[in-house]
Participant: 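My structure is below; once you've seen it, I'll send some questions.
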Amino acid sequence: MTVHDPRAFRPAPGARPLTSAVSPWLRWIGEAVWFVEHAFERARADARPEEDTRVRIFLIRAIFVAVFSGLALGAANAALLSPRGGHGVSTVAGALQRADLTDRNGALLATNITHYGLYIDPSEVWDRDAAFRQIRRALPGVSASRLRRVLNGDRRLIVEPGLTPAERQAVHALALGGVSFEPEDRRVYPLNASAAHVIGTADSGGQGVSGAELAFNDAIREAGSKGEDFALSIDLRVQGVLENELGAVASEVGAKGAVGVVADAQTGEILGMASWPTYDANRRGQASDNAALNRVTSAHYEMGSVFKTFTIATAIDKGLADLDTLIDASQAYMIGNRRIQDFHATNKILTLEEVYLHSSNIGTSRLAVEMGADTMRSYFQKLGLLDAAPIELHESARPRRPRDWSDSTRASMSFGYGIMITPLQMTAATVALVNGGTYRPLSLRRGGSGAEGHRVVSPETSAAVRQLMRANVLRGSGGQANAAGLRVGGKTGSANKLVNGRYDASHGVGSFASVFPADGPEDTKRYVIFVLIDEPSQGSRLGGAVAAPVVGRVADRIAGFLGVQRRIDPPVTAAPQ
């Protein structure tokens, strides 16, 4: 009797041998599959039922090994090959990822932390009263009315968003039916109130709402998707010094508000921007309108005598005057029936330099009338005083500028009245005058905006302006801004505010626009500091007394961070403020 061996394989007549039709490894797999498939038949034919069981066990083990090997490989891939994130990159599935915000040196300003939304399905809650009491005990801050409304409802709703991991665990430990949690990618600001106006906020949907979070929204999300950080131009050390000095003087003099800006004069990068009072960025909804207002970008002021720098720079650049030009300030200057006088009257003929050092309204008014409307408008336009400051922040406001450019209006504008601008515009215009004469947009992006800018005044005019500003600190009203060895230059400004249609001396601003170091070649690395104190209620309201000292202290404290070398200064001569 011939027994048929099922393992025997006979190809059909004329067929190509299997070894020539497939590769060796495919043949091996085929034979292995055939062996497993026919194992049961062999076991029965050979009267060995135990092999049936062994094969079954082998198959189960093989399946388990394959499954767990796949899981292990997947875990290893996720742990070792996933892109690296920033300081706090979230791993919440489906989260709208935003990159960490850092300062120019990598210090953390904003990040994402996983929080949890508390949801309740009332149909699965056994005892609603007991659930109410236990959840309130675990989360004292939860809204009682909201919790009761959800528990008594008929569908699953959110009770409380933004639970921390510890709060989630406290509720989870209650083991209540119908309670569940969903992860949320929440934006947090570890510095709380510091740089709050600069950084801004983002909403729970991952969209920027204000400040840099809004200005760079797309770039921040793109960086987040790549696991990278997004760096701003500010230096947290400079920011901290600015906020510290500004808050101290504002509190001391009982000010309504205060402003401070530090900018790189060559690149236009903002190194520090402070608006006082401020607010906790993690509790933006609780901030008052006064605290939430970014005065740097959105508040308008008649700046006062700091505008004399612009007027005199225009006259020098147009060839209408030089530092030795004589201007009659011996008596009041009449424009029609209007009488213009000096606050610190000298009652004599002054050189242009003396007009600046004595802050003569008469002198700058004569220059403004002489240069004409077209010239003054053209230069003020190039200095960015007639349009919103070009910066990434959406909050940058347009100025309130005059409609007519009559002789009387230009005279007022020459010493900072008749036009209301933002501190950001003031800073940008000062940067242009001291950096060699080029207007570049200010920027909160590390490295600057990259814009080439446009020429405002010649390098020679810029050098003359810096010389005047330095002289004003050494012999004029800016003496209290002098920081040992840093060659600070600047111009003071004081202006009364309009109250019920009249200028009120009890409501005013004191400011100081400065550069350091003011000397040296055109390519010297320079920094602009602008400080404004809004409605100081105690002590002097003049810029030389209330704002200049802040500039001096800020420059003194940040010079080391910026690498500015000190030199021995000549003595400072006191002058009226």
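FYI, side chains are in, hydrogens and waters are out, and symmetry mates aren't considered; it's all heavy atoms of this structure. Just so we're clear, the structure is a prediction, and the values are computed from it rather than from any experiment.
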Participant: On a heavy-atom basis, which atom in Ala313 and which in Val465 lie closest, and how many Å separate them?
Facilitator: CB-CG2, 3.8 Å

Participant: With no hydrogens and no angle check, just 3.5 Å: does a side-chain donor-acceptor pair link Thr351 and Asp324?
Facilitator: no

Participant: Do any N or O atoms from the side chain of Arg541 and from the backbone of Gly508 form a donor-acceptor pair under 3.5 angstrom?
Facilitator: no

Participant: Do Ile312 and Leu468 make a side-chain contact, defined as non-hydrogen atoms from C-beta onward lying under 4.5 Å apart?
Facilitator: yes

Participant: Without hydrogens or angle criteria, can the side chains of Thr375 and Ser378 be said to hold a donor-acceptor pair below 3.5 Å?
Facilitator: no

Participant: Should the pair Arg400-Glu302 be classified as a salt bridge under the 4.0 Å nitrogen-to-oxygen rule?
Facilitator: no

Participant: Without swapping roles, check the side chain of Thr430 against the backbone of Ala513 for a donor-acceptor pair under 3.5 Å.
Facilitator: no

Participant: Given 3.5 Å as the limit, does a donor-acceptor pair link the side chain of Arg566 with the main chain of Asp556, or not?
Facilitator: yes

Participant: Ring-plane angle category for Tyr527 and Phe516, please: parallel below 30°, perpendicular beyond 60°, tilted otherwise.
Facilitator: tilted

Participant: Under 3.5 Å, is there a donor-acceptor pair between the Glu243 and Ser194 side chains?
Facilitator: yes

Participant: Which atom pair, heavy atoms only, marks the closest approach of Arg295 to Gly257?
Facilitator: NE-CA, 3.8 Å

Participant: Within a reach of under 6.0 Å around NZ of Lys318, are more than 12 heavy atoms found that belong to other residues, nucleotides or ligands?
Facilitator: no

Participant: Do Ile327 and Ile349 touch side chain to side chain, with heavy atoms closer than 4.5 Å?
Facilitator: no

Participant: Main chain of Lys256, side chain of Asp534: is a donor-acceptor contact present, judged purely on distance under 3.5 Å?
Facilitator: no

Participant: Salt bridge check: are Asp218 and Arg221 linked by an N-O gap of less than 4.0 Å?
Facilitator: no

Participant: Considering only NZ, NE, NH1 and NH2 on the basic side and carboxylate oxygens on the acidic side, decide whether Arg487 and Asp519 come within less than 4.0 Å.
Facilitator: yes

Participant: Is a donor on one side and an acceptor on the other found under 3.5 Å between the side chain of Thr492 and the backbone of Gly544?
Facilitator: no

Participant: Asn244: which residues meet the side-chain contact (heavy atoms from CB on, under 4.5 Å) condition with it, sequence neighbours left out?
Facilitator: Arg557

Participant: Hey, are Tyr379 and Asp317 close enough side-chain-wise for a donor-acceptor pair under 3.5 Å?
Facilitator: yes

Participant: Distance-only, no hydrogens or angles: does the Arg410 side chain make a donor-acceptor pair with backbone N or O of Ala368 under 3.5 Å?
Facilitator: yes

Participant: Going by heavy atoms in the side chains, are Ile270 and Val261 under 4.5 Å from each other?
Facilitator: yes

Participant: Would you call Lys525-Asp264 a salt bridge at under 4.0 Å N-O?
Facilitator: yes

Participant: Among Leu532, Val531, Val259, whose side chain to side chain contact (heavy atoms under 4.5 Å, CB included) with Ser511 holds?
Facilitator: Leu532

Participant: Quick check against the 3.5 Å criterion: does Arg470 have a side-chain atom that pairs as donor or acceptor with the backbone of Ala518?
Facilitator: no

Participant: For residues 431-456, pull every pair meeting side-chain hydrogen bond (donor to acceptor under 3.5 Å, both in side chains), keeping only residues two or more places apart or in separate chains.
Facilitator: Glu392-Ser443

Participant: Do you know which of Val253, Leu542, Val249, Val509 makes side chain to side chain contact (heavy atoms under 4.5 Å, CB included) with Pro536?
Facilitator: Val253

Participant: For Glu213, is there any backbone N or O sitting under 3.5 Å from a side-chain donor or acceptor partner on Arg187?
Facilitator: no

Participant: Please check if the side chain of Lys308 supplies one atom and the backbone of Ser359 the other of a donor-acceptor pair under 3.5 Å.
Facilitator: yes

Participant: Is it the case that the side chain of Thr524 and the backbone of Pro521 share a donor-acceptor pair, with hydrogens and angles ignored and the cut-off at 3.5 Å?
Facilitator: yes

Participant: Between Phe307 and Tyr417, is the ring centre distance below 6.0 Å?
Facilitator: no

Participant: Can you spot which of Thr311, Leu323, Leu367 makes a side chain to side chain contact (heavy atoms under 4.5 Å, CB included) with Ile316?
Facilitator: Leu323

Participant: Hey, does Val564 have a side-chain heavy atom less than 4.5 Å from the side chain of Leu486?
Facilitator: yes

Participant: Can you check ring-ring contact (aromatic ring centres under 6.0 Å, His included) on Phe216 and Phe230, steps first, answer last?
Facilitator: CA-CA 9 Å; Phe216 301 109; Phe230 187 86; 5.1 Å; yes

